[in-house]
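Below: one structure, written as structure tokens.
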Amino acid sequence: MRICIINGPNLNLLGKREPEVYGVTSFEAYLSQLQNKYPDITIDYYQDNVEGEIINLLHRANENYDGILLNAGAYTHTSVGIGDAVKAIQTPVVEVHISNTFSRETFRHQSFISANAKGVIIGFGLLSYELALQSFLN
């Protein structure tokens, strides 16, 4: 099985950025733990702060993976283009969020991705990625 994780803006700062919201672990450290826990699954990881590059990553990942875990960060709430890209590809996408977006600012309650995602995992910290990964195993 091949899984692609795509993280959006500012998620390269995990472990440093707002630790009270996002925790103190870098994504690279968490990814290493995830890969060790699931050695039979190829997990590729990409992060970009640029909206168009995230769309390009989704297009390139299409049909090359069994599933995509997408945390589009703030673009979740603003990018019709990323939502359209998720709708346009055949590979199933699970939308992932580290924090509970519904307990935060009102603008974070809107998602342009959810309607076209296989599912949405919100608010379980970095464990959200593992829960999303497990959705492809069951």
Side-chain angles (χ1 to χ4, degrees):
M1 176 172 283
R2 296 189 65 200
I3 297 293
C4 180
I5 298 174
I6 300 174
N7 275 346
N10 301 309
L11 292 168
N12 56 307
L13 299 176
L14 287 177
K16 299 173 189 166
R17 172 189 176 216
E18 298 178 79
E20 67 282 0
V21 175
Y22 299 105
V24 296
T25 304
S26 72
F27 194 81
E28 291 75 9
Y30 175 73
L31 178 63
S32 180
Q33 294 171 11
L34 198 60
Q35 290 168 325
N36 288 334
K37 188 169 183 177
Y38 297 92
D40 296 333
I41 299 174
T42 299
I43 304 172
D44 293 329
Y45 169 60
Y46 304 94
Q47 186 280 328
D48 210 296
N49 293 314
V50 179
E51 179 180 16
E53 289 305 316
I54 294 168
I55 293 168
N56 289 337
L57 287 167
L58 287 163
H59 291 177
R60 282 195 298 271
N62 186 38
E63 297 182 3
N64 292 310
Y65 291 91
D66 298 295
I68 298 169
L69 312 184
L70 173 62
N71 184 342
Y75 289 139
T76 300
H77 321 293
T78 62
S79 179
V80 173
I82 291 174
D84 285 348
V86 170
K87 184 176 183 178
I89 64 175
Q90 284 70 49
T91 303
V93 174
V94 174
E95 179 182 347
V96 175
H97 296 284
I98 296 167
S99 68
N100 180 350
T101 57
F102 292 99
S103 68
R104 298 181 66 194
E105 303 93 341
T106 305
F107 74 87
R108 295 186 196 275
H109 301 180
Q110 163 82 28
S111 170
F112 286 102
I113 297 167
S114 298
N116 297 302
K118 172 186 173 188
V120 181
I121 307 289
I122 295 176
F124 294 95
L126 291 173
L127 179 61
S128 296
Y129 292 90
E130 183 176 353
L131 295 171
L133 174 67
Q134 288 178 359
S135 75
F136 290 103
L137 300 176
N138 299 325

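If you're wondering where the values come from, they're calculated on a predicted model, not measured in any experiment.
- With sequence neighbours left out, Asn62 forms a side-chain hydrogen bond (donor to acceptor under 3.5 Å, both in side chains) with Gln90, Thr91.
- At a threshold of 4.5 Å between non-hydrogen side-chain atoms, the residues Leu70 and Ile54 count as touching.
- Taking every heavy atom of both residues into account, Ala85 and Leu58 meet most closely at CB-CD1, 3.9 Å.
- Taken together through direct or relayed side-chain contacts under 4.5 Å among Ile, Leu, Val, Met, Phe, Trp and Tyr, Ile3 and Ile6 form parts of separate hydrophobic clusters.
- For residues 40-59, the ring-ring contact (aromatic ring centres under 6.0 Å, His included) pairs, not counting sequence neighbours, are Phe27-Tyr45.
- Here the shortest heavy-atom pairing between Pro9 and Ala74 reads CG-N, 4.2 Å.
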side-chain contact (heavy atoms from CB on, under 4.5 Å) for Ile82 and Tyr75? Distances and angles first, verdict last. CA-CA 8 Å; Ile82 291 174; Tyr75 289 139; 3.6 Å; yes
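- A donor-acceptor pair under 3.5 Å is formed between the side chain of Thr76 and the backbone N or O of Gly73.
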Output a table of donor-acceptor pairs, distance under 3.5 Å, between side-chain atoms of residues 114-126 and any protein atom two or more places apart or on a different chain; print 'none' if there are none.
from: Ser114; atom 1: OG; to: Glu95; atom 2: OE1; distance (Å): 2.6
from: Ser114; atom 1: OG; to: Ser111; atom 2: OG; distance (Å): 3.0
from: Lys118; atom 1: NZ; to: Ser135; atom 2: O; distance (Å): 2.8

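- Classified by interplanar angle (parallel below 30°, tilted 30° to 60°, perpendicular above 60°), the ring pair Tyr129/Tyr30 is tilted.
- Using a 4.5 Å cut-off on side-chain heavy atoms (C-beta onward), Leu34 and Ile5 make contact.
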Table please: side-chain donor-acceptor pairs of residues 36-43 below 3.5 Å, with sequence neighbours left out.
from: Asn36; atom 1: ND2; to: Ser32; atom 2: O; distance (Å): 3.2
from: Lys37; atom 1: NZ; to: Glu130; atom 2: OE2; distance (Å): 2.7
from: Tyr38; atom 1: OH; to: Glu130; atom 2: OE2; distance (Å): 2.7
from: Tyr38; atom 1: OH; to: Gln134; atom 2: NE2; distance (Å): 2.9

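- Counting heavy atoms from C-beta outward, Ile98 and Leu14 have side chains that approach closer than 4.5 Å.
- A salt bridge (charged side-chain N to carboxylate O under 4.0 Å, His left out) check over residues 80-92, counting only residues at least two apart or in different chains, returns nothing.
- One distance of note links CD1 of Ile55 with CG of Asp48; it measures 11.0 Å at 0.5 Å rounding.
- Residues Val93 and Leu57 share a hydrophobic cluster, clusters being chains of Ile/Leu/Val/Met/Phe/Trp/Tyr side chains in contact below 4.5 Å.
- With contacts defined as side-chain heavy-atom distances shorter than 4.5 Å, the pair Asn12/Asn7 does not qualify.
- Partners of Asp44 under the salt bridge (charged side-chain N to carboxylate O under 4.0 Å, His left out) rule, at least two apart in sequence or in another chain, are Arg2.
- Without hydrogens or angle criteria, Asn49 side chain to Asn10 main chain gives a donor-acceptor distance under 3.5 Å.
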